[in-house]
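Here the structure comes first, spelled out in structure tokens, and everything after it is commentary.
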Amino acid sequence: MAAETRRYKAPRGTQDILPDEQPYWDFVRTAASRLCDEFGYGRIESPIFEDSGLFTRGVGEVTDIVEKEMYVFEDRGGKTLALRPEGTAPVCRAYLERGMQSLPQPVRLWYWTPIFRYDRPQAGRYRQHHQFGAEAIGDASASVDAEVIELLWRLYEELNLKDLVLNLNTIGDQECRPGYLEALRDYYRGKLDDVCDDCRGRFERNPLRLLDCKNDRCQPIIAKAPAFTDHLCEPCAQHFQDLQTYLRAADISYELNPRLVRGLDYYTRAVFEFQPLEEGGQSTIGAGGRYDGLIEQLGGRPTPGTGFATGIERIVLNLKRQDVDVGEQWHPLVYVAYQTPKAREQAYRLASDLRRASIPAIGAGGDRSLKAQMRHADALGAEYAAIIGERELSDGTVTLKRLRDGTQVTVPTDAVKDHVRAANP
RNA sequence: GUGGGCGUAGCGUAGCGGUUAACGCGCCAGGUUGUGGCCCUGGAGAUCGAGGGUUCAAAUCCCUCCGUCCACCCCA
């Protein structure tokens with residue numbers, strides 16, 4: 001009976017980010033990290049899995065994330081854990097658990113982490129994707145909302161992403177939302193025969209979502225629906241006004257979108273989304289908002305918070321679409337080749353010395369002919385080939401050939417470093 | 001969870017019922033005497049997604065499953 005062998009494949013909805021993709025990721029990561037420094041956000045790394053209750057309580061029992069997208073598993077001790085489906089709840093958990101209430105408020109934190117959601121994969125959507133996010137916890141003022149929006153705005157700006165639209169809305173708080181939802185339901189009640197099936201479900205489950213239905217049939221009804229801005233309580237209205245004042249002060253342009261709502265339960269007041277102009281379902285590239293009730297929901301004292309998350313895969317997708325220059329992949333500066341096996345040891349030593357001197361170097365290996373080694377050097381994109389032949393071996397020299405233009409010089413072995421450095425500062 | 005497209009060497013594709021499955025890129029090697037890129041030659045590499053069926057004959061037709069991509073839902 002033949003043993004059954006099997007080629008393993010990456011699980012559905014996951015990907016391998018190979019070296020030739022890394023320039024995109026480095027480009028984004030470097031910009032994000034530097035901006036966070038400038039804005040005074042400190043990096044937090046929290047576990048990739050958490051007690052699943054953190055998310056069911058924090059994100060909301062009836063959200064899609066909790067109902068059908070969480071990777072939940074039991075560990076050997078019987079604990080029910082979940083791979084992180086979003087980034088905000090873990091940060092809030094850490095804020096509470098690590099006593100960050102006693103730090104100067106707000107506490108500014110950022111993260112860069114894989115996110116897991118069991119969902120059908122599609123363009124720009126993965127079961128494991130990565131999010132960069134920032135949270136400011138412990139300050140209710142609109143200036144902090146403006147600040148996180150500005151941070152995200154600046155990121156896209158630094159990345160040279162064009163044609164992004166910032167949509168802004170407010171969805172009130174515990175004071176005014178019930179009244180608005182009542183008004184919205186009253187408005188829809190007589191029209192349920194005219195809306196799509198999904199909207200009939202939303203009417204029961206999550207009336208706010210009625211507003212962002214894309215079905216043509218529902219558009220005329222949405223257009224005449226009551227606007228939240230007419231039902232805001234005074235503090236929420238003030239907050240929204242203040243936020244817009246700050247955004248204008250920072251020269252951030254935005255569009256008020258009364259139909260913008262969010263799929264996570266914890267949002268209050270200001271919510272926002274960055275959308276590329278190009279149409280498409282999975283287009284939201286980054287989004288966020290205020291979550292003043294979340295910490296309390298997680299067992300802390302009432303503590304305000306606001307933040308955003310942005311999807312790295314979607315950023316990379318847009319960088320590619322827009323042909324943004326993100327820099328090049330790693331190439332060796334020097335490829336060390338040898339003519340005969342006698343020179344192998346010397347070649348290895350040279351490659352080793354170059355690396356020790358911080359010069360990216362690769363040594364030839366095996367029994368390849370010098371010609372094959374040269375081809376290899378070219379294929380790797382090396383700047384120089386260092387050739388050690390019979391003559392060099394007896395002279396204690398190395399022939400350095402610059403592959404770009406074919407010029408070459410022979411220099412003493414210990415002068416290779418300086419020669420290469422001088423030409424490539 | 002729903003709907004549609006596609007699954008042939010590492011990658012991109014052709015072949016769409018009939019001898020040893022083709023091409024491009026990539027990979028490896030050679031084109032004599034110590035050297036790349038262009039060009040030329042040669043080579044390795046494919047149980048044609050899997051299983052079943054129709055047929056004298058199937059990569060090619062049918063069914064099922066799986067995978068993948070796209071869209072919906074929802075989200076970054």
Side-chain angles (χ1 to χ4, degrees), chain A residues 2 4-7 9-15 18 20 28 59 62-69 85-88 112-133 152 196-199 201-202 205-206 209 212-215 261-264 273-276 279-288 308-318 335 337-340 342-343 364 366-393 399-408 410:
Chain A
E4 195 167 315
T5 54
R6 153 172 189 226
R7 298 286 291 267
K9 300 171 77 170
R12 175 160 215 211
T14 67
Q15 52 174 346
L18 302 177
D20 62 351
V28 180
V59 176
V62 298
T63 56
D64 276 18
I65 288 183
V66 167
E67 281 189 336
K68 51 185 214 191
E69 295 176 6
E86 65 96 44
T88 302
W112 175 290
T113 181
I115 297 286
F116 303 87
R117 290 183 197 166
Y118 187 86
D119 203 348
R120 291 279 293 261
Q122 172 182 341
R125 191 171 71 193
Y126 302 88
R127 287 185 172 180
Q128 175 178 343
H129 72 277
H130 300 76
Q131 289 184 8
F132 158 58
L152 188 52
C196 68
D197 291 348
D198 285 337
C199 278
R202 292 181 178 117
R205 290 169 39 112
N206 193 349
R209 295 225 71 93
D212 73 340
C213 179
K214 285 136 204 146
N215 195 309
V261 298
R262 307 282 307 139
L264 286 69
E273 278 186 8
F274 283 85
Q275 299 269 357
E279 287 292 320
Q282 265 51 58
S283 55
T284 299
I285 186 168
F308 69 78
T310 182
I312 310 306
E313 282 80 356
R314 289 187 186 175
I315 290 178
V316 170
L317 184 71
N318 281 276
Y335 179 96
Y338 48 79
Q339 182 198 355
T340 64
K342 273 189 285 184
D367 296 319
R368 308 179 130 149
S369 64
L370 182 57
K371 185 188 187 72
Q373 293 175 51
M374 292 301 288
R375 256 205 272 264
H376 196 202
D378 186 64
L380 293 177
E383 183 70 15
Y384 293 93
I387 302 162
I388 303 178
E390 298 288 347
R391 288 196 301 275
E392 288 84 354
L393 205 51
T399 293
L400 262 182
K401 177 168 186 173
R402 174 187 260 162
L403 296 178
R404 200 187 329 150
D405 54 17
T407 57
Q408 62 181 52
T410 298

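Chain letters run A, B, ... following the sequence lines, proteins first and then strands; every chain starts at 1. Treat the numbers as computed from the prediction; the structure is a model and nothing was measured. Atom set for the values below is all heavy atoms of this structure, side chains included, hydrogens, waters and symmetry mates excluded.
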Between OH of A:Tyr384 and C1' of B:G37 the distance, given in whole Å, is 17 Å

For A:Lys9 and B:G7, give me the distance from atom NZ to atom P, rounded to whole Å. 14 Å

Could you state the atom-to-atom distance from CG of A:Asp378 to P of B:C39 in whole Å? 13 Å

Atom CG of A:Leu370 to atom P of B:G30: distance rounded to whole Å? 11 Å

When rounded to the nearest Å, what value does the distance between P atoms of B:C48 and B:G10 take? 13 Å

Output yes when at least one side-chain N/O atom of A:Arg125 is less than 4.0 Å from OP1 or OP2 of B:A71, else no. no

Measure the distance from CZ on A:Arg127 to C1' on B:G67 and round it to the nearest whole Å. 12 Å

Taking only the P atom of each, what is the distance from B:A44 to B:G7 in whole angstrom? 27 Å

Roughly how far apart, to the nearest Å, are B:C11 and B:A46 at atom P? 13 Å

Establish whether the base of B:G1 is bridged to the side chain of A:Glu69 by a donor-acceptor pair shorter than 3.5 Å. no

Using a heavy-atom cut-off of 4.0 Å across all strands, would you classify A:Glu392 as base, sugar-phosphate, or nothing? base

Could you work out which one of B:C70, B:A76, B:G36 sits closest to the side chain of A:Arg314? B:A76

Euclidean distance for P, B:G53 against B:A58 (whole angstrom): 12 Å

Reading RNA chain B from 5' onward, which residue's closest nucleotide shows up sooner: A:Pro121 or A:Gln131? A:Pro121

Side chains of A:Phe132 and A:Ile312: closer than 4.5 Å at any heavy-atom pair? yes

How about A:Glu392 and A:Thr399: do any of their side-chain heavy atoms sit closer than 4.5 Å? yes

Check whether any side-chain heavy atom of A:Asn318 lies under 4.5 Å from a side-chain heavy atom of A:Ile285, and answer yes or no. yes

In terms of the nearest nucleotide of RNA chain B, which residue is placed more toward the 5' end: A:Gly13 or A:Lys371? A:Lys371

From CD of A:Gln15 over to P of B:G67, roughly how many Å is that when rounded to an integer? 18 Å

Just call it for A:Gly133: base, sugar-phosphate, or nothing, with non-hydrogen atoms closer than 4.0 Å on any strand. nothing

Across all strands, who's sitting opposite B:A57 as a Watson-Crick or G-U wobble pair, both distances under 3.5 Å? none

To the nearest angstrom, how far is A:Arg391 atom CZ from B:G34 atom P? 8 Å

Side chains of A:Thr284 and A:Gln275: is there a donor and an acceptor less than 3.5 Å apart? yes

Between A:Arg368 and B:G30, does any side-chain N or O lie under 4.0 Å from OP1 or OP2? no

Do the non-hydrogen side-chain atoms of A:Met374 and A:Leu403 ever get within less than 4.5 Å of each other? yes

Which part of the nucleic acid does A:Gln408 contact within heavy-atom distance under 4.0 Å: base, sugar-phosphate only, or nothing? base

Checking all strands, does A:Tyr126 fall into the base, sugar-phosphate, or nothing category for heavy-atom contacts under 4.0 angstrom? base

Tell me whether the side-chain N or O atoms of A:Arg12 pair up with the base of B:G67 as donor and acceptor below 3.5 Å, since no angle test is needed here. no

For B:U60 versus B:G24, give the span between their C1' atoms, rounded off to a whole number of Å. 23 Å

Taking OP1 and OP2 of B:A71, is either one under 4.0 Å from a side-chain nitrogen or oxygen of A:Gln122? yes

Using a cut-off of 4.0 Å on non-hydrogen atoms, how would the nucleic acid contact of A:Ala372 be classed: base, sugar-phosphate, or nothing? sugar-phosphate

When both hydrogen-bonding distances must be under 3.5 Å and the geometry is Watson-Crick or G-U wobble, what is B:A9 paired with, if anything? none

Under 4.0 Å between a Lys/Arg side-chain N and an Asp/Glu carboxylate O for A:Glu313 and A:Arg125? no

With a 4.5 Å cut-off on side-chain heavy atoms, are A:Gln339 and A:Ile387 touching? no

What is the separation between atom CZ on A:Arg375 and atom P on B:G36, rounded to the nearest whole Å? 8 Å

Record whether the side chain of A:Lys68 comes under 3.5 Å of the base of B:G1 through a donor-acceptor pair of N or O atoms. no

Within the structure, does a side-chain N or O atom of A:Arg120 lie under 4.0 Å from either OP1 or OP2 of B:U2? no

Considering only atom C1', compute the distance from B:U13 to B:A59 and round it to an integer number of Å. 14 Å

Distance criterion of 3.5 Å, no angle test: do you see the side chain of A:Gln339 paired donor-to-acceptor with the base of B:U35? no

Assess whether a salt bridge exists between A:Glu69 and A:Arg127, defined as any Lys/Arg side-chain N lying under 4.0 Å from an Asp/Glu carboxylate O. no

With both distances under 3.5 angstrom, what nucleotide forms a Watson-Crick or G-U wobble pair with B:G43? B:C27

Any strand is fair game: report the nucleotide pairing with B:G1 by Watson-Crick or G-U wobble, both distances under 3.5 Å, or none. B:C72

C1' atom, B:G45 versus B:C23: distance in rounded Å? 15 Å

Whole-angstrom distance between B:C66 and B:A29, as gauged at atom P: 44 Å

Distance test, side-chain N/O of A:Ser369 to OP1/OP2 of B:G30, below 4.0 Å: yes

Looking across every strand, which nucleic acid part, if any, lies under 4.0 Å from A:Ala287 by heavy atom: base, sugar-phosphate, or nothing? sugar-phosphate

With the threshold set at 4.0 Å, does a side-chain nitrogen-carboxylate oxygen contact exist between A:Asp378 and A:Arg375? no

For A:His376 and B:G36, are the ring centres under 5.5 Å apart with planes inclined under 30°? no

Categorize A:Gly286 for me: base, sugar-phosphate, or nothing, with a 4.0 angstrom heavy-atom threshold over every strand shown. sugar-phosphate

If pairing means Watson-Crick or G-U wobble with both distances under 3.5 Å, then the partner of B:G49 is B:C65

